[in-house]
Protein chains: 2
Amino acid sequence: MAQPTLDTFQVIADPSRRKMLKLLSKNSLTINNLADNFDMSRPAVSKHVKILHTAGFISIQDIGRERYCILKQDGFNELQEFISYFDKFWVSKLKKLETLLNNKLDNKNN
Amino acid sequence: MAQPTLDTFQVIADPSRRKMLKLLSKNSLTINNLADNFDMSRPAVSKHVKILHTAGFISIQDIGRERYCILKQDGFNELQEFISYFDKFWVSKLKKLETLLNNKLDNKNN
DNA sequence: TGGATATGTAATTTTTAAGTTACGTAAATG
DNA sequence: CATTTACGTAACTTAAAAATTACATATCCA
């Protein structure tokens, strides 16, 4: 696993990484804690963690030889922007439809 | 480009496909209209469109020999659920923090 | 009706992400 | 202080997505 710099969307495209985020929303976990929840090797988990960290989805706190992974909001921002962009689109589309319908009703009543 | 069935997250992981969705939020476009906005070959665009369609991000309307791509809300649902799951997480985390702070203030005032 | 246009599909190649094994290092522990 | 534990990293392999080229088909138009 070379370390490509993945963008926000590529980061959450991986099901394992999404599962990690969900796990971390319950508890902060060490790399080994995380690895217990997956079938893959520990180094693989370690690399996923690095990717999540780089992309701002988690922060990491070293305590002795352990690394705690803590969910972090930053990574989600770009996703939220994306969604909200299209949310606005749907809302405005709906409004246009409403206007159209109202006009039709008005015409009928005249 | 074989046609693997990509999940919602994989679909938007591709920058070209995200760009297509943005373009389609301005206007409905044919395959060739879309292709004009990209460096890649037309068949490549065609395949991206198929992927977007399969995943419910667009609907397609054939008019003669042209295919119009129209933005569709369905594909975005899973993304919204994902985001809202973590949104709730941040909100509840914030509330816990508030409670904690309030308790500390109360203690001071006693 | 014949050529141009708009598109899909199949075969192949290229690219890249994801996984594994093997190994190295620093902290804890008996 | 030797060993175990918790991790990182490098080298390599595997798998899968993305792009291209070449070709097929259906519609439109002169």
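We name chains A, B, ... by the order of the sequence lines, and we start the count at 1 in each one. Any value given below was found using the heavy atoms of this structure, including those in side chains, with hydrogens, waters and symmetry copies removed.
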More than 12 heavy atoms of other groups within 6.0 Å of K72(B) NZ: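 More than 12 heavy atoms, drawn from other residues, nucleotides or ligands, come within 6.0 Å of this atom.
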
Joint hydrophobic cluster, V45(B) plus I70(B), side-chain heavy atoms closer than 4.5 Å: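 V45(B) does not cluster with I70(B).
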
Protein-nucleotide distance ([X], atom [atom1]; [N], atom [atom2]), rounded to Å:
X      : N       : atom1 : atom2 : answer
L29(A) : dA6(D)  : CG    : C1'   : 15 Å
K50(B) : dA10(C) : NZ    : C1'   : 11 Å
Q10(B) : dA18(C) : CD    : C1'   : 12 Å
M40(A) : dA17(C) : CE    : P     : 16 Å
F9(A)  : dA17(D) : CZ    : C1'   : 19 Å
F38(B) : dT20(D) : CZ    : P     : 12 Å
I63(A) : dA26(C) : CD1   : C1'   : 16 Å
D62(B) : dA6(C)  : CG    : C1'   : 11 Å

Between [options], which one does the side chain of [X] approach most closely?
X      : options                  : value
A44(A) : dA6(C), dC7(D), dT20(C)  : dT20(C)
L6(A)  : dT20(D), dA17(C), dC7(D) : dA17(C)
I51(B) : dT29(C), dT9(D), dA18(D) : dA18(D)

Residue closer to the 5' end of DNA chain C, R65(B) versus S46(B) (nearest nucleotide):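 Result: R65(B).
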
Earlier contact from the 5' end, DNA chain C, for R42(A) and D14(A):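 The 5'-side residue here is D14(A).
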
Rounded distance (nearest 0.5 Å) linking atom CG of N32(A) with atom CZ of R42(A):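 Atom-to-atom, N32(A):CG and R42(A):CZ are 6.5 Å apart.
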
Reported CG-to-CG distance for the pair L23(A) and L29(A), which is rounded to 0.5 angstrom: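 Answer for the CG-CG pair, L23(A) versus L29(A), is 6.5 Å.
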
Check: dT20(C) base within 3.5 Å donor-acceptor of K47(A) side chain: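 Side chain to base: pair present.
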
Ring geometry between F9(A) and F82(A) (parallel below 30°, tilted from 30 to 60°, perpendicular above 60°): perpendicular

N or O in side chain of N32(A) less than 4.0 angstrom from dC7(D) OP1/OP2: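 Indeed, a polar side-chain atom of N32(A) lies that close.
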
